[in-house]
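Please read all numbers here as calculations on a predicted model, not as lab measurements. Along the sequence shown, the residues carry numbers beginning at 1.
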Amino acid sequence: MEGGAYGAGKAGGAFDPYTLVRQPHTILRVVSWVFSIVVFGSIVNEGYLNSPSESEEFCIYNRNPNACGYGVTVGVLAFLTCLLYLALDVYFPQISSVKDRKKAVLSDIGVSAFWAFLWFVGFCFLANQWQVSEPKDNPLNEGTDAARAAIAFSFFSIFTWAGQAVLAFQRYQIGADSALFSQDYMDPSQDSSMPYAPYVEPSSGPEPTSMGGTYQQPASAFEPEPQGYQSQGY
């Protein structure tokens with residue numbers, strides 16, 4: 001993953017759209033967003049049929065209104081969830097609180113895994129109802145392509161959301177292994193560019209550089225990593 005978590009550099013860094021759109025989790029969010037549009041759009045537009053002998057429309061999936069309702073509801077809510085987390089991706093670099101960053105990544109894990117489960121349920125539900133649908137209910141095969149598309153993209157959505165959960169978990173592990181999830185973490189911008197050395201008067205004793213056992217932190221210990229993959233993304 002390039003650019004650290006959520007395309008963020010250090011907390012409070014400037015938003016970089018080019019870096020953001022290159023992130024794997026951002027790509028998966030956009031793909032999931034498109035898939036959700038296909039699912040609920042297919043059902044809304046062609047998922048309900050008219051019969052000459054009936055005054056009301058019925059669901060193409062075995063006349064089960066719950067099947068159509070589930071597909072539309074999950075699709076619309078997934079669409080909104082994708083937009084919400086895309087907005088969080090944009091705002092994430094501005095979050096300076098360690099706790100808030102940790103909560104954001106944990107919520108990404110939980111929400112993505114939850115939506116992968118909902119899409120799995122939706123795929124099984126729609127596929128089952130489509131399989132047991134009576135041919136006599138749709139003799140002209142109206143809306144069959146849209147019905148199959150909703151089933152197919154429900155299946156694809158399982159993997160895009162599961163992928164988001166996996167990537168979020170990896171970002172959490174990176175943050176947990178770094179100092180950025182520690183309450184003792186100090187922003188590198190607040191550190192001196194030179195390592196701290198104990199003060200010793202010139203006239204009393206050896207110079208600081210000659211004192212054995214004195215720990216001096218390397219000057220590069222908290223320097224920002226080169227542009228690209230950054231483990232201190234949190």
Rounded to the nearest 0.5 Å, what's the gap from CD1 on I95 to NZ on K103? Could you check?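 Those atoms lie 11.0 Å apart.
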
OH of Y172 to CD1 of I109: how many Å apart, nearest 0.5 Å?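 Separation between the atoms: 7.5 Å.
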
Is NZ or CZ of R63 both nearer than 6.0 Å to the six-membered ring centre of F58 and within 45° of the ring axis?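 Pair R63/F58 counts as cation-pi.
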
Holding to side chain to side chain contact (heavy atoms under 4.5 Å, CB included), I want the full list of residues that pass it with [X], two or more places apart in sequence or in another chain.
X    : result
A116 : W161, A162
F120 : C124, I158
Q131 : none
S133 : N62, W130

May I ask you to test the N50-E142 pair for a side-chain heavy-atom distance under 4.5 Å?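 A side-chain contact under 4.5 Å is absent here.
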
Is the shortest heavy-atom distance from the side chain of I60 to the side chain of Y48 under 4.5 Å? no

Which pairs of donor and acceptor atoms, one on a side chain in residues 68-78, lie under 3.5 Å apart (sequence neighbours left out)?
unit_1, atom_1, unit_2, atom_2, d
Y70, OH, L118, O, 2.9
T73, OG1, G69, O, 2.7

Under 3.5 Å, which donor-acceptor pairs link side chains of residues 144-156 to any protein atom two or more places apart or in another chain?
unit_1, atom_1, unit_2, atom_2, d
T144, OG1, N141, O, 3.3
S154, OG, A150, O, 2.7

Carboxylate-amine/guanidinium contact R29 D108, below 4.0 Å: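 Yes, R29 and D108 are salt-bridged.
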
Show me the side-chain donor-acceptor pairs of residues 30-40 shorter than 3.5 Å, one per line, residues at least two apart or across chains.
unit_1, atom_1, unit_2, atom_2, d
S32, OG, L28, O, 2.8
S32, OG, T160, OG1, 2.9
S32, OG, Q164, NE2, 2.9
S36, OG, W33, O, 2.6

Shortest non-hydrogen contact from Q129 to N64?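 Heavy atoms of Q129 and N64 come nearest at OE1-ND2, 3.3 Å.
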
Between Y61 and L126, what is the shortest heavy-atom contact and its length?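 Smallest heavy-atom distance, with atoms named: CD2-O, 3.7 Å.
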
Starting from V132 and following side-chain heavy-atom contacts under 4.5 Å between hydrophobic residues (I, L, V, M, F, W, Y), which residues can be reached?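 Grouped by the 4.5 Å side-chain rule, V132 forms a cluster of one, so the answer is none.
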
Do I27 and F92 share a hydrophobic cluster, counting only Ile, Leu, Val, Met, Phe, Trp and Tyr and linking them when any side-chain heavy atoms are less than 4.5 Å apart?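 Yes, same cluster.
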
Show the numbers, then the answer: is there a side-chain hydrogen bond (donor to acceptor under 3.5 Å, both in side chains) between Y85 and S112? CA-CA 10 Å; Y85 275 87; S112 298; over 6 Å; no

